[in-house]
Amino acid sequence: MLLIAGCGGGNNSAAPSAKPSKEPAATQTAAASASPEASSPAAQSTVKPVSFTYYSNYDWDTTEEWGRDSTTKWIADTLKVKMTPVQSSGAAETKFSTMIASGSLPDVIMMDRGANVERLRQPGLLVPLDDYLDRYPNLKKNAGEATLNMLRSEDGKLYQFPNWYTSSPNGNGGWIINRKIYKELGSPKLETYDDLYAYLKLVKEKHPDVVPLEVGAKGRGLETMYGGFAENKPYLPKANPVGNTLQSIFEDQVFIENMQYASKLFREKLITQDLFTQTGDQISEKLKTGRVAVYVDGDVVNPGRGADTTLRTADPDAGYDIIWPIHKAGLDATKITPNNYNSLGWNVLVITKNAKDPEAIFSYLDWVTSEEGQRILNFGRQGLYWDEFDADGVPILNEAGLNTPQGDKDKERIGRFNWVGNTTFIDQTKAKMDAQLPADKQNWTTLAQQKVTWKTSKNFTEFVNLDPLPDSEEGTIATAVNDIFQEAFAKALYAKSDDEVLSILNKANEDAKKAGYEKLLKYQTEKWQDNLSKMK
């Protein structure tokens, strides 16, 4: 099973202050009446002109050309910063290995934390960032010492610039329901797993052409369901925190109960039967055609928005609504946390020693993660959809911002080049900006996040960076345990009874222990306790 982490955070939907303000001249990006290409005194004093190469170490990511959109054109013209992309061409791991072997690393790389960062750090291929933190203070101020300490390598130095770090809850996981079907079936109580079971049976009876419960590709939604079987306990892959140690997931009573419930739904055909083979596009198509009654997954707010818009366009009474997480009877609904977030965010950027002027690159990244940079990268340059901002730095939408169709706004590609996102500022800002719009134009995703998903997310920073390096002894064990887990997960879903589910998980536990599971858990426990020490 995959651990799904959403990008987002904050929970502030207050309207902008009545009296708008502009930034002081010392930090102002451009006067409201100025040309979009006007010079920025603050930016010029803090951002050093620089040209660099950039590589995103992901198969799926293609970096667009710099300067083709209005945001990066403004950056190139005003800040004198230019980027040349290096593409993975759908083969990131091969490309990455080739660049290391040939010594042809790009200046900047976006990548996951962990093993690949160490592949560059250990042979001395990365630039430490510590000397720049006080000279360019936005990262240090916004991310905080505790988060930066969590990112430091074993030598005590900081090499990683975090992306979508946060100081506030975020997450996109949870439950949405088909509004029209729910109303047609009498809008029954849908709070507990007992309620859900009864409702899904009713859907199957009355709407045989509809999937009662969609759980996402590879059954990812079962991780979200896990969070409803205990209070304050979102899913931690392959381990179960008990006291001060990590113990076997196969012995976790919450996991066992979750799998028994999921297996029951699956064998009664109340869950989609093609969960191991369906694609994200196929799930999206089912949602957009209204053929899903209930959807649970690690991200429901983004697909939910698209499906809701499509259905309401054809029928104002159709669409999807987010609901409070479904949970086991007897639990406190306010303590159900199917989402988790960590202060480190999603991934990181590193600067390699191939860079001619690493300080200039850092100065630009630090500007991007500032309030000014985040405002421009995420909401467009000043003068496009906003001219002024309030005392909290929230852009006040101008006529174009209020009236331009979202489809036309999307053509601006705003947000595409925000590589070092400050989640708390962005999510609080977008919520306030959304509140400036009429109700029928407000963003479905933002409302769902404010209403439910951010309120049901637990801080899991202490559990980051637990995975061992792949070529270590513990890494080899982790691979074997993962294979055992995947096989047991599939078999458990196809089981014919609760007893058979338990038998399958017991056998998987025995096999995992033979593969060295206890050694892996000991290693991960030590990493967890080390995290806790760093966070203090």
Side-chain angles (χ1 to χ4, degrees), residues 4 6-8 10-11 13 170-188 190-191 196 199-200 203 206-207 209-217 220-221 224-225 272 278-326 338-339 402-411 414-415 427 430-457:
I4 305 299
C7 292
N11 191 30
S13 58
N170 64 78
N172 296 328
W175 301 76
I176 60 175
I177 59 172
N178 186 306
R179 183 183 308 126
K180 193 168 185 178
I181 292 176
Y182 184 63
K183 186 176 181 180
E184 287 177 358
L185 296 180
S187 303
L190 199 52
E191 299 175 0
L196 177 65
Y199 181 66
L200 297 181
V203 170
K206 301 295 185 181
H207 293 273
D209 58 334
V210 166
V211 176
L213 178 63
E214 176 58 66
V215 295
R220 294 176 309 189
T224 308
M225 287 175 59
T272 179
Q278 66 180 348
T279 65
D281 288 342
Q282 289 172 324
I283 295 170
S284 178
E285 192 274 335
K286 283 189 282 187
L287 289 168
K288 288 181 177 180
T289 53
R291 292 185 290 113
V292 172
V294 183
Y295 180 37
V296 58
D297 205 346
D299 179 7
V300 293
V301 299
N302 287 304
R305 178 186 62 191
D308 182 73
T309 300
T310 299
L311 290 172
R312 282 196 299 112
T313 299
D315 180 355
D317 294 326
Y320 288 90
D321 291 322
I322 192 152
I323 62 172
W324 198 260
I326 294 172
N339 282 298
L402 290 169
N403 298 313
T404 302
Q406 187 60 48
D408 291 340
K409 288 183 178 180
D410 290 343
K411 295 176 183 177
I414 295 172
D427 281 349
K430 73 180 183 182
K432 292 180 180 180
M433 291 181 69
D434 206 52
Q436 300 174 38
L437 297 170
D440 62 340
K441 291 185 178 181
Q442 290 184 3
N443 189 292
W444 189 98
T445 292
T446 301
L447 293 175
Q449 290 169 329
Q450 293 178 72
K451 182 180 177 182
V452 178
T453 65
W454 292 345
K455 293 180 178 180
T456 56
S457 188

- Message: Using only atom types and a distance under 3.5 Å, with no angle test, would you say the side chain of Asn178 pairs donor to acceptor with the backbone of Gly290?
- Response: yes
- Task: Starting from the C-alpha separation in whole Å, work towards a yes-or-no answer on side-chain contact (heavy atoms from CB on, under 4.5 Å) for Ile414 and Lys409.
- Result: CA-CA 8 Å; Ile414 295 172; Lys409 288 183 178 180; 5.9 Å; no
- Item | Presence of salt bridge, Arg179 and Asp308, under 4.0 angstrom | yes
- Any chance you could lay out the side-chain contact (heavy atoms from CB on, under 4.5 Å) test for His207 and Glu184, step after step, and finish with the verdict? CA-CA 10 Å; His207 293 273; Glu184 287 177 358; 3.3 Å; yes
- For Thr279, all residues meeting side chain to side chain contact (heavy atoms under 4.5 Å, CB included), sequence neighbours excluded: Asp281, Gln282
- Identify the two heavy atoms, one from Tyr295 and one from Gly216, that lie closest to each other, and give their separation to 0.1 Å. CE1-N, 4.0 Å
- Looking only at heavy atoms, which two atoms of Pro212 and Ala293 are closest? And how far apart? O-CB, 3.5 Å
- In Å and rounded to the nearest 0.5 Å, what is the CD1 to CE distance from Ile326 to Met225? 8.5 Å
- Taking Tyr182 for its side chain and Asp321 for its backbone only, find out whether a donor-acceptor pair lies under 3.5 Å. no
- Query: Any idea which heavy atoms bring Gln278 and Ala217 closest together, and the distance?
  - Reply: O-CB, 3.9 Å
- Looking only at atom types and distance, does a side-chain atom of Thr313 sit under 3.5 Å from a main-chain N or O of Thr309, one as donor and one as acceptor? yes
- Message: Under a 3.5 Å distance rule, please check whether Arg291 uses its side chain to pair with a backbone N or O of Val210 as donor and acceptor.
- Response: no
- Query: Is there a donor-acceptor pair under 3.5 Å between the side chain of Trp324 and the backbone N or O of Thr456?
  - Reply: no
- In this structure, which one of Val215, Ile176, Leu196 forms a side-chain contact (heavy atoms from CB on, under 4.5 Å) with Val296? Val215
- Message: When you measure from the side chain of Asn172 to the backbone of Val301, do you find a donor-acceptor pair of N or O atoms at a distance under 3.5 Å?
- Response: no
- Note on the structure: Scanning both residues in full, the closest heavy-atom pair of Leu190 with Tyr199 reads CD1-CB, 3.8 Å
- Working to the nearest 0.5 Å, report the span between OG1 of Thr445 and CG of Asp434. 9.5 Å
- Query: For Lys288, what residues pass the salt bridge (charged side-chain N to carboxylate O under 4.0 Å, His left out) criterion, not counting sequence neighbours?
  - Reply: none
- With sequence neighbours excluded, residues passing side chain to side chain donor-acceptor pair (under 3.5 Å) with Lys441: none
- Message: Within this structure, what is the CD1-CD1 distance for the pair Ile322 and Ile177, rounded to the nearest 0.5 Å?
- Response: 10.5 Å
- Query: Any donor and acceptor pair, going by atom type alone, linking the side chain of Tyr320 with main-chain N or O of Val292 inside 3.5 Å?
  - Reply: yes
- Taken to the nearest 0.5 Å, the spacing of Lys455 NZ from Gln449 CD works out to 13.0 Å
- Task: Please name all residues satisfying salt bridge (charged side-chain N to carboxylate O under 4.0 Å, His left out) with Glu191, sequence neighbours left out, ordered by chain then number.
- Result: none
- Message: Treating Gln442 as the side-chain partner and Leu437 as the backbone partner, does any N or O pair qualify as donor plus acceptor under 3.5 Å?
- Response: yes
- Note on the structure: Shortest non-hydrogen pair, Thr446 vs Asn443, comes out as N-OD1, 3.0 Å
- Message: To the nearest 0.5 Å, what is the distance between CZ on Arg305 and CG on Leu447?
- Response: 11.0 Å
- Query: Okay, side chain of Thr224, backbone of Gly174: is any donor-acceptor separation there less than 3.5 Å?
  - Reply: no
- Across all chains, not counting sequence neighbours, the salt bridge (charged side-chain N to carboxylate O under 4.0 Å, His left out) partners of Asp410 are none
- Does Lys206 reach the side chain of Leu185, with side-chain heavy atoms less than 4.5 Å apart? yes
- Note on the structure: For Val300 and Gly173, the nearest pair of non-hydrogen atoms, with its separation, is CG2-C, 4.3 Å
- Message: Which residues pass the salt bridge (charged side-chain N to carboxylate O under 4.0 Å, His left out) test with Lys180, not counting sequence neighbours?
- Response: Asp315
